[in-house]
**Q** 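Take this structure, written in structure tokens, and hold onto it; I'll ask about it next.
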2 protein chains.
Amino acid sequence: MRLLIVEDDLVIANGLVRALGQSQYAVDHVTDGKQALRAIQDDVYDLVILDLGLPTMDGMQLLSHLRQQANPIAVLILTAREDVATRVQALDLGADDFLTKPFHLEELEARVRALIRRSKLGNNLPLQCGNLKLDVANKLASINDQPITLSAREINLLETLMMRMGKIIAKEQIMESLCNWDETLGDNAIEVYVHRLRKKIEPSGAHIRTVRGLGYMLEAAHNGV
Amino acid sequence: MRLLIVEDDLVIANGLVRALGQSQYAVDHVTDGKQALRAIQDDVYDLVILDLGLPTMDGMQLLSHLRQQANPIAVLILTAREDVATRVQALDLGADDFLTKPFHLEELEARVRALIRRSKLGNNLPLQCGNLKLDVANKLASINDQPITLSAREINLLETLMMRMGKIIAKEQIMESLCNWDETLGDNAIEVYVHRLRKKIEPSGAHIRTVRGLGYMLEAAHNGV
DNA sequence: CCTACCCTTACAGCTAACTTACGCCTTTCT
DNA sequence: AGAAAGGCGTAAGTTAGCTGTAAGGGTAGG
């Protein structure tokens, strides 16, 4: 899962980047609306965390602009102002959630989880493919309800694949989903992850199909379970 | 386990904080409804002890507000008023228990234990993992019914792990469960607790698994029970 | 048959977690 | 009250295993 933080206060921004990074999100950070707009158009994000008070283009304008373009990306608004009018305006413009500073990281993280879940799944049930289940909140994968041990990278990869089960995902998309701008991985890193993950989920009836030249696709095994 | 006390009478509040603190709960205290709401949204509590007569937002309003948000946190109501109407209203609003002042600390502590047990476990069975048992009420751990000596920190850690057995618990979550606002622990304090606890429960068939980068998980040993 | 593209294995660096030791503080016993 | 004991948290050094790269072999498509 990949997040964009739009926040000009560097103290807050750094805290968010660190905390959400520790929660296994890939996190990018920009400091004003124009950079944010460019980032959203250039890359695929699952969620934008947006401060309202920004230079060059304020958060309301950015949000309004996105929705006029019919961009459905989930947006969580941060603001120091507590008045009802602001809140109503933001929600009317299409914000998905609203949090007033000062806030605690735990609550932010909970809301982030909820938003991603809502936007991707519409529910909080564990993801399932064949006998393979993934409990996203607890970062716990299991086959026939027997927990299996996956590393952090492997869990993130599996989550990415399961979120778009049955659809082809390009290696670049996987790369973007796992890494932020700071990181840069070699050509075949994804191939290695897929290989390791395949070995671990092999007995489950879930299969990672290679689509040569295009990417990978997660599917239930075609032969009987 | 972490509790929030919402009580404007400082004499009572201090008594509760001290008594429950001695019972090894992490206890925070606020004096009105607005502070309480913010605290509940910012931090994770296992139980709220709520006085009905409060400034700025009274206990009923707070409770009603929480339940409208579908917040499932356990709430124990304290009040000086004894009339049935109040009691019925509180329980209809979703209070889990109700205690009339003046009360005895022992009874309060018993109800607190019961509520936490009910909300966390859904039953009254003692916590068990392999041959390791934990009697939450008496803060007593035993292996094959032989009591073992654990320090307060160790018992609290074990309780936290056993309450979510089989699920991954992040170090930050453990930290929150053990500490209130006043405390601040260093980076590797949790690692040291885990190390000490592991040495003591090692012979029991309960195992604390490390999931690198994500947290810890309590499980029964994989070889025969 | 050739060329991308992918699979597989092996290895080395690095960071998170483990382990030990020490000093402070609280509790308890005399 | 003074002393002894043990719990508690920090710091420092060590270990372990995840991660990413590289290298070599295989395969599908042209």
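Naming convention: chains lettered A, B, ... in sequence-line order (proteins, then strands); numbering from 1 in each chain. All of these numbers come straight from a predicted model, not from anything done at the bench.
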**Q** Find which nucleotide of DNA chain C each of B:V211 and A:V211 is nearest to by heavy atoms, and output the residue with the more 5' nucleotide.
**A** A:V211
**Q** Remember a base hit wins even if backbone is also touched, and classify A:V192 as base, sugar-phosphate or nothing at under 4.0 Å, heavy atoms.
**A** base
**Q** So, is B:S151 close to the D:dC8 phosphate, meaning a side-chain N or O under 4.0 Å from OP1 or OP2?
**A** yes
**Q** Rounded to the nearest angstrom, tell me the gap between atom CG in B:L185 and atom C1' in C:dC24.
**A** 15 Å
**Q** Between B:E154 (CD) and D:dG9 (P), how many Å, whole number?
**A** 11 Å
**Q** Can you find a side chain N or O atom of B:T210 that sits less than 4.0 Å from OP1 or OP2 on C:dA16?
**A** no
**Q** Measuring from B:I49:CD1 to B:L20:CG, what's the distance to the nearest 0.5 Å?
**A** 5.0 Å
**Q** D:dG7 P sits how many Å from B:L157 CG, rounded?
**A** 16 Å
**Q** What nucleic acid atoms does B:T149 come within less than 4.0 Å of, heavy atoms only: base, sugar-phosphate, or nothing?
**A** nothing
**Q** At under 4.0 Å, does any side-chain N or O of A:K199 touch on OP1 or OP2 of C:dT8?
**A** no
**Q** Is A:Q22 reaching over with its side chain to a backbone N or O of A:A19, donor-acceptor style, under 3.5 angstrom?
**A** no
**Q** Regarding A:N188, tell me which of base, sugar-phosphate or nothing describes its non-hydrogen contacts under 4.0 Å with the strands shown.
**A** base
**Q** Indicate yes or no: at least one non-hydrogen side-chain atom of A:L197 is less than 4.5 angstrom from one of A:L150.
**A** yes
**Q** What about A:R212: does its side chain form a donor-acceptor pair under 3.5 Å with the base of C:dC6?
**A** no
**Q** Would you mind reading off the distance between A:E191 atom CD and D:dG26 atom C1', rounded to a whole angstrom?
**A** 13 Å
**Q** Would you say A:I168 and A:Y216 make side-chain contact, with heavy atoms under 4.5 Å?
**A** no
**Q** Keeping B:K133 on the side-chain end and B:N144 on the backbone end, is there a donor-acceptor pair under 3.5 Å?
**A** no
**Q** Side chains of A:R198 and A:T210: is there a donor and an acceptor less than 3.5 Å apart?
**A** yes
**Q** Tell me the interatomic distance from A:R196, atom CZ, to C:dT8, atom C1', rounded to whole angstroms.
**A** 11 Å
**Q** Dot-bracket for DNA chain C, please, read 5' to 3', with Watson-Crick or G-U wobble pairs under 3.5 Å on both distances, ( ) within the strand, [ ] crossing, | other strand, . unpaired.
**A** ||||||||||||||||||||||||||||||
**Q** Please report, rounded to the nearest Å, how far the P atom of C:dA17 is from the OH atom of B:Y193.
**A** 16 Å
**Q** Locate the shortest heavy-atom distance separating B:L178 from B:T160; write the atom from each residue and the value.
**A** CD2-OG1, 4.2 Å
**Q** Please report, rounded to the nearest Å, how far the P atom of D:dC8 is from the CG atom of B:D187.
**A** 20 Å
**Q** Taking the six-membered ring of B:Y25, is NZ or CZ of B:K139 closer than 6.0 Å to its centre and within 45° of its axis?
**A** yes
**Q** Think B:H195 has a side-chain N or O under 4.0 angstrom from the OP1 or OP2 of C:dT19?
**A** yes
**Q** Reckon B:Y216 has a side-chain N or O less than 4.0 Å from the OP1 or OP2 of C:dC18?
**A** yes
**Q** When you match A:R198 and B:R198 each to their closest nucleotide on DNA chain C, which lands nearer the 5' end?
**A** A:R198
**Q** Specify the separation, in whole Å, of atom CG of B:L197 and atom C1' of D:dC8.
**A** 15 Å
